[in-house]
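What follows is a set of notes on a single structure, which appears directly below.
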Number of protein chains: 2
Amino acid sequence: MADVAAAAGVSAMTVSRALRRPDTVSEEVRARVEEASRRLGFVPSRVASALASARTMTVAVLIPSLTNAVFIDLLAGVQETLSPQGYQPLVGITGYGPEAEERVLRTQLAHDPDGVILTGLDHTPGTWDLLRGLTIPVIHTMDLAAEGEHSDCPVQTVGFSQYDAGYAVGAHLAARGRRRIGLIAGQLDPRTRQRCDGWRQALRDAGRHDAALELMVPDATSVALGAELLERTLATHPDTDALFLCNDDLAQGALFQCARLGIPVPERLAVAGFNDLAGAAWTVPPLTTVATPRRAIGVEAARLLIAGMADRTPKSRENPRRVDLGFRLMVRETT
Amino acid sequence: MADVAAAAGVSAMTVSRALRRPDTVSEEVRARVEEASRRLGFVPSRVASALASARTMTVAVLIPSLTNAVFIDLLAGVQETLSPQGYQPLVGITGYGPEAEERVLRTQLAHDPDGVILTGLDHTPGTWDLLRGLTIPVIHTMDLAAEGEHSDCPVQTVGFSQYDAGYAVGAHLAARGRRRIGLIAGQLDPRTRQRCDGWRQALRDAGRHDAALELMVPDATSVALGAELLERTLATHPDTDALFLCNDDLAQGALFQCARLGIPVPERLAVAGFNDLAGAAWTVPPLTTVATPRRAIGVEAARLLIAGMADRTPKSRENPRRVDLGFRLMVRETT
DNA sequence: GGAGCGCATGTTACCGCTAACAAACGAGGC
DNA sequence: GCCTCGTTTGTTAGCGGTAACATGCGCTCC
């Protein structure tokens, strides 16, 4: 920067100003600095800038996994919103564990991010302590804080009601006249559990809940797992006439297995998935599922964060916001 | 750090040493510093550390897209290898464009990463200039530099031969006795083109190439696109008896569409995909495809990079390395 | 015609840590 | 008993920018 300053015949401070806020220097100086800067191939060091200005222009983004398309879409939304504003996402993978999350968060915080985006609300007490102590904005995604909850520590959430979405599926299957409605779930994170809770309540409200038809396993969801669990369900409860699979990859696996076993869908078995992942509209038959606004959640979380990072007065942290982006039941042909 | 130093009764420098290289201080001092550090909740600022030591402990990772599972797997491999070593990946999305790549690389370089991982070898002259000027290690992935190529600028590549993989599929379809073998490709990046080139050569070697059976479109691949392009192919060339789809999502879409149209696979039409994405083994019938070592490429690239970053003498950049991790033709039932 | 003001630029003092060198100290060798 | 050497700790001087304040200058205004 000193070299550029010398070449342009100004002070280093003026170079810094000319490049960051061109409107604060005279047109003539701006041009000279830009020319010198380009000619010398000057790239300002963000590290030094960060140290001097106490802004790193980075945002910590913690997601459970890279292999689940849901969080990739979330990340894509965050990334495409932050990037144009000059923010660099620092991706951290928590592996669905609150303890790992705390560990990852600690290492991310050492990088002094200007904001934090977390997945879910299921954090360790240590994580909550950390968050309480932060002076940077924090957004929780994919879930909504219950009204009044976390009153000791105002939180900003962007997501949708997993419970309501699960309820909607249960109610839909019941409304289709199904009597023996089963559940298949993997990857039992808090959000999956809430979906299951909603589904269960819907069936209870319809008077058709049978706990024996619930099959919940901790394994990561996959097409293979869906196929396997479908077989297991039909082996133990051959009279099952409808199934809610808590993620579309499970549902796709189940559909494949039905095709293989010659089970007509939806005539003999109705199938509903969750998330409306890529391809769900193209399965045979097209899959009924719940479209979730994952990318939009990422975009909105990033927007809120940018707003919070812009005004450095932490007043915005006072008013907890709760952005409900909803969900849509996509009724297709498997039900 | 000054506070910790005071609390432990030592100098700041000793605190720094005690925390970074515990073996260089006495046992007693180490314990006192650790205790004080913990008690005060001290978290060293990586920004300041980076500025003083000229190591940011970050690695720029540029991939074309977040919505293509291939690059997510690559990223996952990189991430899981870098993280335990204390490196933080900085993810940049290039959108498959060399110009965008150059732009993203420039902004990433402002963060002073200690290493760079790129996708492919298709860079702008400006990018090559940038890379030549760097004193940090750079790895190119998903492709292999031809022997002797880029002799002006030694490159390290980790990948497999896209050409050979395409050739293997073409040869396989020909060996199955198919006569009218078509091609469907989307997302025409250089790697896709190489696969197509290999496939084409295989068919020529078998005396069965017909350019009219090639359908190449620039759109991003998807299940929907596969279904659509299958129909288009059959409409114009109903005698097609085998198809290579350059990515598994296309192939899955084609399989779905075949099921819908009542076209028996593989009896009337053989189908081969590429990448062995999740679920390929579970389609109906299970999909013949090429398993590509995406995660392994990420792991190996990160390993090489770590080695290069460890010895700060840039001698390792002199010897271009070329790590071929191969591919596997997964013959299943669609062929 | 001089006070007062606004704008453009310069000066100073850090941001929080670490490389490099200096100093202090005890142990071993002759 | 003195010198050399290795080990541990301290001192100094930045790393490359930017916040905050200071300065200089041309104008307007009464």
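Each chain gets a letter, A, B and so on, in the order its sequence line appears, and its residues count up from 1.
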Inset, instruction - Mind checking the CG-CE spacing from L40(A) to M1(A)? Nearest 0.5 Å is all I need. - result: 12.5 Å

Legend entry - dA19(C) OP1/OP2 closer than 4.0 Å to side-chain N/O of R20(B): yes

Inset, instruction - Can you see which heavy atom on Q108(B) is nearest to which on Q88(A), and at what distance? - result: OE1-NE2, 2.7 Å

Legend entry - Rounded interatomic separation in angstrom, taking CG from D3(A) and C1' from dG17(D): 14 Å

Inset, instruction - Send over the distance from R55(A) CZ to dG16(C) C1', rounded to a whole Å. - result: 19 Å

Legend entry - Beyond-backbone contact of L75(A) with I63(A), side-chain heavy atoms, under 4.5 angstrom: yes

Inset, instruction - Give, for atom CD of Q156(A) and atom CG of L305(A), the distance between the pair rounded to the nearest 0.5 Å. - result: 8.5 Å

Legend entry - Whole-Å gap separating P (dC15(C)) and CG (D114(A)): 18 Å

Inset, instruction - Please confirm whether the backbone N or O of V59(B) pairs with a side-chain atom of D114(B), one donor and one acceptor, at under 3.5 Å? - result: no

Inset, instruction - Spell out protein contact along nucleotides 5-10 of chain C as letters: B when the base is contacted, S when just the sugar-phosphate is, - when no protein heavy atom is under 4.0 Å; keep the 5' to 3' order. - result: ---SBB

Inset, instruction - Can you measure from CG (L144(B)) to CG (D324(B)) and round to the nearest 0.5 angstrom? - result: 5.0 Å

Inset, instruction - May I have the distance from R21(B) (atom CZ) to dT8(D) (atom P), rounded to whole angstrom? - result: 12 Å

Legend entry - Angle between terminal axes - the helix from dG1(C)-dC30(D) to dC30(C)-dG1(D), 5 pairs each end, rounded to 10°: 40°

Legend entry - Flag, side chain of T107(A) to backbone of V104(A), donor-acceptor distance under 3.5 Å: yes

Inset, instruction - Could you tell me the separation between the CE atom of M1(B) and the C1' atom of dG10(D), rounded to a whole number of Å? - result: 14 Å

Legend entry - R294(A) and T292(A): side chain donor to acceptor below 3.5 Å: yes

Legend entry - Length of the CG-P vector between L51(B) and dT18(D), whole Å: 12 Å

